[in-house]
There are 2 protein chains.
Amino acid sequence: MQDILFDFIAKYITLTEEEKNALLSLGLFRSVKKGTILLKEGQITRESFFVLKGCIRKYYIIDGDEKTTAFFTEMEGITPHCAINNAPSEYFISCIEDTILTVSNPDMGAEINAKFPKFEIMCRILSEELLAKQQINFDEFKTSSPEQRYLNLLQNRPDLIQRVPQHQLASYLGIKPQSLSRLRARIFEKEKN
Amino acid sequence: MQDILFDFIAKYITLTEEEKNALLSLGLFRSVKKGTILLKEGQITRESFFVLKGCIRKYYIIDGDEKTTAFFTEMEGITPHCAINNAPSEYFISCIEDTILTVSNPDMGAEINAKFPKFEIMCRILSEELLAKQQINFDEFKTSSPEQRYLNLLQNRPDLIQRVPQHQLASYLGIKPQSLSRLRARIFEKEKN
DNA sequence: ATAAATCGTTCACTTAAGTTAAGAAATAAT
DNA sequence: ATTATTTCTTAACTTAAGTGAACGATTTAT
């Protein structure tokens, strides 16, 4: 199971056995059931999450209903905003599947970084990549209609459409569930002809 | 003029005179006229831009028309995606006002970082802040209607509404210029009553 | 100073998303 | 297994955005 993590890391840096053991000794791994809430609005955590297997979701509750703004699947992670600025979280994070993830805090990060400077490098690369991806996603979102956004998603993350409930997908696309349903029917009609 | 930059840096780290001089010796500063295009689609640059005074804008040309996705004003900067992954740029960057900015490349960054490790720290903080801000903006965009987005902008960056042409603002809000015009009229009507 | 180009607003019309409600289908709970 | 809950779809109606076009107003170019 930890191999998943090591395979991922291997894409960026090469680890010795010693380094792998140091990582394992931190007790990062956690297995959580579908439905578990990892972070609640108003709560402050110092923990970062990284998904090895499964899917977690970030959502706000605005005027009583959920607004999903992100999904994290295999090899994707999130450091909640509240872990950075020590303010109460504005959003929730919950598991939409049984999920295996690593949970880390800044102290663990510091410990590892001090022992193995390589890690710092990997973290820098990862955060650069993340920022770039984030910006492209945002641009794509802004410049597309809901229908285009759905078609993009179908192209780029077809797995999400399978594994995520549609009303959550809808708000991820910035629309209401009924609109997504209609939009899908519309696309299906077009395809038939 | 360089004081603007040093004042900004002072918020994060303290610089000695020696360090300031080292920075100045890189010849970072550039003054550009309104309308200048700093980066074109298809072009590859290694340069990053940081605005000291003025305003620059990032836009795509999709099906022949411009889609503005970001503005950068005082104390905001952008490292074009193409400078990171060495691929042709997908977008343009141009000045919408006479602008004073710093232009840097990775080599200059490396030079400074090697001489003064403090810089690395500042860069890490800045990029963390940026990522966080970016994510919040994205979430806000996704969970709002065009009208709410306009009202948010009026709250958070009222200057932009003054200094940016409205058809560019419109695409920044994800709508057409005519819709922005109408939406503004609508808000104005509501306010009257 | 004048002509040309760009920009902002308005209007009529079209298209798509929001809303409310109802019912079928699928999931979860007992 | 049956009930309860949640999820998805459909429909009718409302509201807002997209589209195409016209017309001043403003800015830019000459």
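Atom set for the values below is all heavy atoms of this structure, side chains included, hydrogens, waters and symmetry mates excluded. Chain letters run A, B, ... following the sequence lines, proteins first and then strands; every chain starts at 1.
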Restricting to side-chain hydrogen bond (donor to acceptor under 3.5 Å, both in side chains), what partner residues turn up for A/H167, sequence neighbours left out? none
Who pairs with B/N113 by side chain to side chain contact (heavy atoms under 4.5 Å, CB included), at least two apart in sequence or on another chain? B/F119, B/E120
Going by side chain to side chain contact (heavy atoms under 4.5 Å, CB included), name the residues that satisfy it together with A/P88, two or more places apart in sequence or in a different chain. A/I44
Which pairs, with at least one residue in residues 130-139 of chain B and sequence neighbours excluded, count as a salt bridge (charged side-chain N to carboxylate O under 4.0 Å, His left out)? A/K58-B/D139
Under the salt bridge (charged side-chain N to carboxylate O under 4.0 Å, His left out) test, residues paired with A/E76 that sit two or more places apart: A/R157
Quick one: side chain to side chain contact (heavy atoms under 4.5 Å, CB included) partners of A/K115, sequence neighbours excluded? A/E111
Within 6.0 Å of CD in B/E90, more than 12 heavy atoms from elsewhere: no
Extract, from 5' to 3' on DNA chain D, the first and final nucleotides lying under 4.0 angstrom from some heavy atom of chain A. D/dT7 to D/dT10
Output all residues satisfying side chain to side chain contact (heavy atoms under 4.5 Å, CB included) with B/S31, sequence neighbours left out; order by chain, then residue number. B/I100
With each end axis built from five pairs of C1' atoms, what bend angle do you get for the helix from C/dA1-D/dT30 to C/dT30-D/dA1? Round to 10°. 60°
Rounded distance in Å - CG (B/L183) to C1' (C/dT9): 14 Å
Members sharing B/L101's hydrophobic cluster (side chains within less than 4.5 Å): B/V32, B/L38, B/L39, B/F49, B/V51, B/I56, B/Y60, B/I62, B/F72, B/I78, B/Y91, B/I93, B/V103
Can you list, in residue-number order, the parts of residues 139-166 of chain A that come under 4.0 Å of DNA chain D, counting heavy atoms only? A/P165, A/Q166
Rounded distance (Å) that lies between atom P of C/dT6 and atom CD of B/E66: 11 Å
In short, side chain to side chain donor-acceptor pair (under 3.5 Å) pairs touching residues 5-25 of chain A with sequence neighbours left out are A/Y12-A/E129, A/T16-A/E19, A/E19-A/K118
Map B/I175 and B/K34 onto DNA chain D by nearest heavy atom, then report which one ends up closer to the 5' terminus. B/I175
C/dG18 base / A/R182 side chain donor-acceptor hit below 3.5 Å: yes
